[in-house]
Undergrad: 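The structure is given below, and queries will be raised subsequently.
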Number of protein chains: 2
Amino acid sequence: MTAEPTTTQRTTGAPPGGSSASRQHTLRERNLRLVAKAIYDAAAGTSGPPDAVPPSRADVAAATGLTRATVSTLVDHLVAARLITELPPAAAQRAGRPAVPLVPAARTVVGLGLEVNVDYLGVRALDLAGQTVADVVEQGAFHDSEPATVLGRLGTLAAEVVELLQSDGMRVAGARLALPGLVDVRTGELEVAPNLGWSSLDPVPLLSLASLPVHVANEAKLAALAELAGEVPDSFLYVSGDVGIGAGIVVDRGLFLAERGWNGEVGHVVVDPAGPRCSCGAHGCLEQYAGKEAVLRAAGLPLDAPLRSLLAALEADDDAARAALHRAGRALGSALADFVNLTGVSTVVLGGVYAELEPWLRDDVVAVLRERVLASPFAEPDVRAARAGQHAALTGGAREVLREVVADPAAWV
Amino acid sequence: MTAEPTTTQRTTGAPPGGSSASRQHTLRERNLRLVAKAIYDAAAGTSGPPDAVPPSRADVAAATGLTRATVSTLVDHLVAARLITELPPAAAQRAGRPAVPLVPAARTVVGLGLEVNVDYLGVRALDLAGQTVADVVEQGAFHDSEPATVLGRLGTLAAEVVELLQSDGMRVAGARLALPGLVDVRTGELEVAPNLGWSSLDPVPLLSLASLPVHVANEAKLAALAELAGEVPDSFLYVSGDVGIGAGIVVDRGLFLAERGWNGEVGHVVVDPAGPRCSCGAHGCLEQYAGKEAVLRAAGLPLDAPLRSLLAALEADDDAARAALHRAGRALGSALADFVNLTGVSTVVLGGVYAELEPWLRDDVVAVLRERVLASPFAEPDVRAARAGQHAALTGGAREVLREVVADPAAWV
DNA sequence: GGCGGTTTGTTGTACGGCTGAACTATTGCC
DNA sequence: GGCAATAGTTCAGCCGTACAACAAACCGCC
């Protein structure tokens, strides 16, 4: 008899009703979720490449353990709610009545990702099929900006997008607002966002988006969720390099958010107490070695240099640039070793500027992890570059909204 | 509109059936759990002091949202299964028919905690009422011991305890084996336990406990769960000082166990890369400052000195001892600051030898946490001593087994 | 090209479990 | 002793799933 991973998980989007009375309709809700999730996951290709052929009612019945009769009625409800679409039966190669392929509906229900960051703000809408149906990004300089003005502008953009989508017959399920700062996951308030110069405010009302449920989250954490669109383990640490260094802890495909969700502050892990003083008051924080500005400075580039000039220097084998990334990689490895040792999550995804710098960082990070992670002899740490592309938090936020739709389809039937 | 903590949690003891087909009997199972948990929690006094008077069927109905009719039949089942006991009606002060108080049954179903540690092995049995019904601890020296011999002896002790309990009419629900090493939570195998000199083995068969489900876990993690018996936040970091330094992450009253459960390795967070070399190969690990041996050495005591001689020196205001604890406290604070920053859990419980040393550690630990925890201006970190007493892992293991019984009472009706 | 074999999806009955309302049981208060 | 109040029980009704039989649509093969 062995220990099973008898574990619940604290991540985004717990199915509701875990600890409230179960009535007859609870069965319906739970089984609707089960069926919706089966079809959604098969289409998204949760593991491996997307199945060549979408599942039929019979497939869903086999996968869930429900009878075909029950699945049939549930699917009918989901189709009526426009969450699921029936495709024309494919030419069958087997004997028997051809199956009706079921896929998540396109352009019916969408989730919205919103973001304010230092140099841009944006709105992105995704549908259940995973397609981007709207994408608006405005460049800007929001360092020390006025929250009401910036969030008001973002709200206007979002309202325009919502208007457009609704006139196309789509329903907007909700929105996630990504901010580069400390967001209290319980209240949705922003405690502080150093790079915006914002503090102690409730951002949602400033958007003026009436009748649209908006949740707030940290930018790196939503960006982490965007990685779930691709092939990635169920649990990983996402580390996003930028002016600051943000992180998200993904466990079993959901965000780990204990207490107020203030985790992953890897930028201020002390790499060397004899190192340079950091803005946080401590000495030798990771940011002083692997923060964007520290790397540019060490590479002999101006602090406002674009990333591509650093990449150019690296590709040209510039010694200072190479040395800067070697130093950053060792420091990053050291801080990540603590991160892995403390959380027990062994895969690290490098996001933000680290994604593009990964070829020059990876070897050093891996080497230090191998030295310093205690479990590395039994579970080799894995380091990889993020793949979600530009403005990943917008994608992650929109995906998160849709995940909630799939997790509670009963609200839509 | 604000962000809710829309989070599932990965901790010990997920209610089963989260993602499988819901049939009619699923309702029964879920509601049985709900009722059992309501009665159990009220008795255990999950928050605050135990309610003066245990809940009645009507109270449970009000608390759960189920009707009195449903609660009545469910309670009848639980009473028949001897999981719940009806107390004689208390003298009613209100008008109306007096309520029948419901409490967890004493001495009917018990959970077993087992442990092998460096200097002892033990068996403890707890019943649903929270009482210890059996407690056997054998001192010994198990450094570099033979696993088969030691676990065989523990198995014999456990079998004797089981025999005794069963002859008294009790049913043993299961057992948890605590080991001071790296335990793979998925397979139950022990990868390595440095202080026992054990590695790569499956401990459960060596116990030779037929027909008793035994799960294996890390000792510090089970000790952390023992704290849940007292007044403690729902989430906290438990750090246990001993020869090594172990830790457990408790989130929403359950263990956080991502992947294989290898988290909380705080003993090898690097406090100062210029510090002394550690057995793990790195320099300046926390253990070199706050490990039991490092503290004793710094205090000028022999490495095998008992804890009470250190406590005596501290109470006598011995300079070397005080300085040793100051140094340990600063180092511990630094490593815990990383732990708090990375996990977002703001309460630290000091267990193992740290529990008794807490008066001399606390101020330094708190001071460093205040400096280094980024969220400390918004959520003051809390540091407290563990209260579970000797051999906490035995208590935690037994409690964990009982928590599973309460989480799935349907298996017992 | 019709017929058996095969797989899909639907229909109708049975059953389990919760609800709501009425009912019984037991007390305090006037 | 009667009335109000609270606890617990009984029973018809409803809801959602299972099970089994059935209809639909295809293949292959003689």
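Residue numbers begin at 1 in each chain, while the letters A, B, ... track the order of the sequences.
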Undergrad: Using a strict 4.0 Å threshold on nitrogen-to-oxygen distance, state whether A:Arg107 and A:Asp127 make a salt bridge.
TA: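 No, no charged N to carboxylate O under 4.0 Å.
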
Undergrad: Over how many whole Å does the gap from A:Leu34 atom CG to D:dT17 atom P extend?
TA: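 That distance rounds to 11 Å.
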
Undergrad: Which heavy atom in A:Thr108 sits nearest to a heavy atom in A:Arg82, and how many Å separate them?
TA: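 Minimum heavy-atom separation between A:Thr108 and A:Arg82: OG1-O, 2.8 Å.
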
Undergrad: For the pair made of CD in A:Gln24 and C1' in C:dC15, what is the distance, rounded to whole Å?
TA: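 Nearest whole value for this atom pair: 11 Å.
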
Undergrad: At less than 4.0 Å, is any side-chain N or O atom of A:Asn31 found next to OP1 or OP2 of D:dG16? Yes or no.
TA: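 No, outside the criterion.
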
Undergrad: What nucleotide, of C:dC18, D:dT6, C:dG9, holds the atom closest to the side chain of A:Ser72?
TA: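 Ranking C:dC18, D:dT6, C:dG9 by closest atom to the A:Ser72 side chain puts C:dG9 first.
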
Undergrad: Rounding to an integer number of Å, can you tell me how far A:Arg30 CZ sits from D:dT17 C1'?
TA: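 The answer, rounded to whole Å, is 14 Å.
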
Undergrad: Between B:Glu86 and B:Val79, is there a donor-acceptor pair closer than 3.5 Å when you use the side chain of the first and the backbone of the second?
TA: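 Between the backbone of B:Val79 and the side chain of B:Glu86 there is no qualifying donor-acceptor contact (under 3.5 Å).
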
Undergrad: What contact category does A:Val100 fall into here, base, sugar-phosphate, or nothing, at under 4.0 angstrom with non-hydrogen atoms?
TA: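 If one applies the 4.0 Å heavy-atom cut-off, A:Val100 turns out to touch the sugar-phosphate alone, with no base involved.
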
Undergrad: Ignoring backbone atoms, establish whether B:Arg68 has a side-chain N or O less than 4.0 Å from OP1 or OP2 of C:dA21.
TA: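 No, no such contact exists.
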
Undergrad: Quick one: does B:Leu34's side chain get under 4.5 Å of B:Arg30's, heavy atoms only?
TA: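 No - every pair of side-chain heavy atoms lies 4.5 Å or more apart.
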
Undergrad: Figure out the CZ/P separation between A:Arg57 and D:dA24, and round it to whole Å.
TA: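 The distance from CZ of A:Arg57 to P of D:dA24 comes to 16 Å, rounded to the nearest Å.
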
Undergrad: Rounded to whole angstrom units, what separation is found between the CG atom of B:Leu32 and the C1' atom of C:dC18?
TA: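 Distance check: B:Leu32 CG to C:dC18 C1' gives 13 Å.
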
Undergrad: Out of D:dA25, C:dG5, C:dT24, which has the shortest distance to the side chain of B:Arg97?
TA: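 Output: C:dT24.
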
Undergrad: Should A:Arg28 be listed as having a side-chain N or O under 4.0 Å from OP1 or OP2 of D:dC15?
TA: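 So the side chain of A:Arg28 is outside the cut-off, no N or O lying under 4.0 Å from OP1 or OP2 of D:dC15.
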
Undergrad: Could you work out which one of D:dC26, C:dG28, C:dG9 sits closest to the side chain of B:Ala95?
TA: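 Selected nucleotide (nearest to the side chain): C:dG28.
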
Undergrad: Let me spell it out: for each of A:Asp59 and A:Ala21, pick the nucleotide of DNA chain C with the closest heavy atom. Which residue's pick is nearer the 5' end?
TA: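 Closest to the 5' end, via its nearest nucleotide, is A:Asp59.
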
Undergrad: Which part of the nucleic acid, if any, lies within contact of A:Ser56, taking any heavy atom under 4.0 Å across all strands shown: a base, the sugar-phosphate backbone alone, or nothing?
TA: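 Sugar-phosphate, no base atom in range.
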
Undergrad: Quick one: A:Leu87 CG to C:dG9 P, roughly how many Å, whole number?
TA: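 After rounding, the gap between these two atoms is 12 Å.
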
Undergrad: At their closest point, which heavy atom of B:Val406 faces which heavy atom of B:Leu128, and how far apart are they?
TA: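 Minimum heavy-atom contact is CG2-CD2, 4.0 Å.
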
Undergrad: Considering just the side-chain nitrogens and oxygens of B:Arg23, establish if one lies under 4.0 Å of OP1 or OP2 belonging to D:dA18.
TA: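 Yes, within the criterion.
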
Undergrad: If you only use heavy atoms from C-beta on, which nucleotide in D:dT17, C:dT27, C:dT8 is closest to the side chain of A:Thr70?
TA: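 Among D:dT17, C:dT27, C:dT8, the one nearest the side chain of A:Thr70 is D:dT17.
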
Undergrad: In whole Å, I'd like the distance from the NE2 atom of A:His25 to the C1' atom of C:dT19.
TA: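 Taking atom C1' of C:dT19 as the reference, NE2 of A:His25 is at 11 Å.
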
Undergrad: CG of A:Leu74 versus C1' of C:dT10: gap in Å, rounded?
TA: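 For the pair A:Leu74 CG and C:dT10 C1', the rounded distance is 14 Å.
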
Undergrad: If you check the B:Thr67 side chain, which of D:dA18, C:dG20, C:dG17 turns out closest?
TA: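 Among D:dA18, C:dG20, C:dG17, the one nearest the side chain of B:Thr67 is C:dG20.
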
